[in-house]
Q: 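My questions all concern the structure below.
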Amino acid sequence: MNDSITSPDKTAPEPAAPRYNFRAAEPRWQQAWNDRACFSVPDVPPDGAPKYYVLEMFPYPSGKIHMGHVRNYTLGDVVARYKRARGHLVMHPMGWDAFGLPAENAARERGTHPAKWTYANIANMRDELKRMGLSLEWSREFATCDPEYYGQQQKLLLDFWKAGLVERRESWVNWDPVDNTVLANEQVIDGRGWRSGAQVEKKKLAQWVLAITKYAPDLLEALGGLDRWPERVKLMQSNWIGRSEGARVRFALAKPVDGTAEVEVFTTRPDTLFGMSFLAVAAEHPLAAAAAARDAKAAEFVAECRSMGTSEAVIEQAEKKGFDTGFRVKHPFTGAEYPVWIANFVLMEYGTGAIFGCPAHDQRDLDFARKYGLSVTPVVLPKGADAATFAVADEAFTDDGTAFNSGFLDGLDVAAAKRGAIDALEKQGAGTGVVNWRLRDWGVSRQRYWGCPIPFIHCDDCGVQPVPDAELPVRLPEDVDFSKPGNPLDHHPTWKHVACPNCGKPARRETDTCDTFVDSSWYFARFCSPRADVPVTKAAVDAWLPVDQYIGGIEHAILHLLYSRFFSRAMKATGHLTVEEPFAGLFTQGMVQHESYKGADGRWLYPEEVDFSVTAEGLRSATLKGGNEPVTIGRVEAMSKSKRNTVDPGAIIAKYGADTARWFILSDNPPDRDMEWTESGVAGAYRFTQRVFRIVDEMRAELPSPELAATILSSPVAATDRATKELRRATHRAIKSVTEALETFAFNVAVARLYEFANAIEAARAPSGQFDAVALGGAKREALETLARLSAPMMPHLAEEAWSLLCPDHADLVALLPWPEADLALLVAESVTLAVQVLGKLRATIEVPVGASEESIFAAAEAEENVQRAVAGKPIRKRIHVPGRVVNLVV
RNA sequence: GCCCGCCUGGCGGAAUGGUAGACGCAGCGGACUUAAAAUCCGCAGUCCGCAAGGACAUGCCGGUUCGAGUCCGGCGGCGGGCACCA
């Protein structure tokens, strides 16, 4: 036993050896950081102070943190602590994405008010996060359900409204019949609600829309400047925005239908107009409705298209189906007539809801034409093909070639033919060249209680009126009834009844609340001045934004990140921000996975219900704890409650401590890949924390004081003693390599370098051969202090504990110390090991002094017995020497 | 279908075109212990060989190079994203 720090914990049996008592140490250092306000920064940093804003995606307060959070926040904390040590003023805040449906479900199921449920969850999760020892500035904390936050959000929405970025629009929406709410296109996955999993229906509703499409060109182009974003995220956003160049072409109907004289299509291939064989419209298109009104069979087909959900389309292998309406259109160039079909593969939401079919050069059109016996006329000739014989069989020709069978376009390549066709269309007023976008405007109306009220008032006389500034925030009523289905705000007896701010007559408050993605689209800006009575204070956001390093899951690659990028632009347009891009650097972490286990009857088992053993063949086997029921070890997959392959971070931290959990999660693999959580891996990490403590604790008695050590290391003896130089080289190599690894997010490599360093320190405890004990003592102090400081971003508590043992007279916290600097001069060794190759194959290694001449190196290499055997007396034609690396002899 | 990414021991992974497998996990042998745990020392890609040493090895086939896990071309497999997008 050493001292009070290592005294045994009464609640757990302690081994006899002195051990690091994390249960006592971790809260103590958390308190010390808090007392010294180590992680606080001003809203407006002093001039010239280098700022660094580290942000992890804030959590939804479900009640408990999970391993994904532990990984996310550990990664962010490593960056924050490292950047702080590098002299940056680091802002590292935390908050809560606190609106959303689960709170309402809890209210319905348990009768707990959403606010009460949410704030209780937040309190618990805050405690859990605090136990992780994260270097967060808790004074900036807020929840999006705080009226102080959503009230400012309402101000933003009103500013956006004045800027023409908020509209009320009657539109087809995705209706989730389980959640009883509208979903954005982005929130519909395979035709099902992203949260409820229910089959989504099409419904026409008046709803609030944010005009994200106004920024579509900019959101796309600016991706090019995001050089610290993962390429794949940029690609996903680019695909989502979906820019395509083409033409809108108007086809005159041979006979007007219900007073309509023409149909407009969008095409990216106006060069293939001469290869047209039909025109097709979506089932929701007015022409389809017109056909349905005339013909029961057409009506039947339209109904079939509507009912055909995505899942069925998948089952049917996306079979192309159509119905000939009997309507005819005239070709803008030739005047020839073509049939108008209703086709199940034409989407009303994309382009104009109508296409012209050119089967020879579009696979989907070709499949359709073959099925219904429509003509196939090739109009683009592949290079080297013969115009007289070229024909399209089962495969459409979609590459570049030369236009033929195309009148005035003949002889042009695809690009030139596109231009030629558009010119001709524009000249005769039959069409225009256009850019089309896949991105839709963002419908934000949700028919729910637990969200930010959209601050408008409906007056029968004055129309939609914004809520006056003085009346903000529009607070959610607290007395709400969840017993009825639908929106509780709409049912509330009094809440929605207000006077019109314009004429004073009775009017109705908007009862829709915001999509929760709105809340998370600007929280990063609010953190800069979280208590301000405006959405953001200009000086604070100008000083801190953009976020220098944002960290979160890849699952937000499109939705959240695109919405935030839009919000930055909208906030700039309304004078709130100066920056357009909110996140200068983005890192997307992988998931945390775990083995899954099944009992004999096929039920899923939690990891803690299972015992493991190793069979005679060396294979792992498992049985149910407290019995011998066999357990099947299943796949390693993402932790999920349904598979019960979860591990509770709270239990891990209680058992091993926060540093162990952090260390393991960082050590396992590169942070952008999925990692596997294993019990043996955690145990290994725990062993290392104990080992570091033991090394420090056992060696500290041999160490000179910090002042004496500095004197020793600058004295001549330190420069000559071999063991001293070796240890110092290991120390400074560790500084260099750990620093490089942290800079590149290679945290698993940083961990490996620290293991190597610890191994080197232990090897120096009992150096073989001659050594100068005094000089080595100085090097040992330097090494141990460096070990503490280099490991601090990953294991901050242990680092403080080690530091306090090494420097008991110094009040500094490691959290406040600068990062160690590597002395490159100390890295130079006296001799190097060179690989000796003959014809590129390794035959020997030789040890040569640094600075040895090439002649002596070649001589030493050729003298090696193995090398001589490989050369076998043949003349050496070429000698290659890569200094410090390799010698290669070519015979 | 299109677009990305990946493929290295039993496992996670490391490796500026220069000794492949660092470091860890799991494993094996030994020391300490009455015993266990903890800890410490050692072994460890595969095959041949007593050994010295050799052959084969980074999904497969080829190429560039004195030298390829790394660069180039082709093929295969796995994973992810998007998708009747006109």
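The sequence lines fix the lettering, A, B, ..., with proteins before strands; numbering per chain opens at 1.
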Q: Before we go on, tell me: are the rings of A/Phe278 and A/Tyr338 under 6.0 Å apart, centre to centre?
A: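 Centroid distance A/Phe278-A/Tyr338: not below 6.0 Å, so no.
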Q: Look at the side chain of A/Asn888 and the base of B/C66, then say whether one donor and one acceptor between them are separated by less than 3.5 Å.
A: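 Yes.
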Q: Taking only the C1' atom of each, what is the distance from B/G9 to B/C23 in whole angstrom?
A: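 About 14 Å, rounded to a whole number of Å.
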Q: Looking at A/Lys320 and B/C84, is any side-chain donor or acceptor paired with a base atom of the opposite kind under 3.5 Å?
A: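 In this structure, the two groups form a donor-acceptor pair.
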Q: Between the protein and nucleotides 39-49 of chain B, are there any N/O to N/O pairs under 3.5 Å, and if so, what are the atom names and distances?
A:
{"unit_1": "B/U39", "atom_1": "O3'", "unit_2": "A/Arg694", "atom_2": "NH2", "d": "3.4"}

Q: If you check the A/Arg753 side chain, which of B/A22, B/A20, B/A86 turns out closest?
A: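 Of the candidates, B/A22 comes closest.
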Q: Are A/Phe323 and A/Trp341 near enough that their ring centres are under 6.0 Å apart?
A: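 So the answer is no for these two rings.
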Q: Using the C1' atom as the point on both nucleotides, what is the distance between B/C32 and B/A38, in whole Å?
A: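 Nearest-Å result for B/A38 against B/C32 at atom C1': 11 Å.
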Q: For B/A86, does either OP1 or OP2 sit under 4.0 Å from a side-chain N or O belonging to A/Arg438?
A: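 No, because none of the side-chain N or O atoms of A/Arg438 sits under 4.0 Å from OP1 or OP2 of B/A86.
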Q: If you check every side-chain atom of A/Arg19, which of B/A14, B/A38, B/C82 has the closest atom?
A: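 Nearest to the side chain of A/Arg19 among the choices is B/A38.
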Q: Using the C1' atoms only, state how far B/G59 lies from B/G49, rounded to an integer number of Å.
A: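 One C1' to the other, the span is 30 Å.
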Q: Looking only at atom P, what distance separates B/C6 and B/A86, rounded to whole Å?
A: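 Those two atoms are separated by 27 Å.
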Q: Under 4.0 Å between any heavy atoms, over every strand shown, what does A/Gly242 touch: base, sugar-phosphate, or nothing? Just pick one.
A: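 Nothing, no heavy atom under 4.0 Å.
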Q: Between A/Arg753 (side chain only) and A/Ala734 (backbone N and O only), is there a donor and an acceptor less than 3.5 Å apart?
A: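 Side chain of A/Arg753 to backbone of A/Ala734, a donor-acceptor pair under 3.5 Å: no, none is there.
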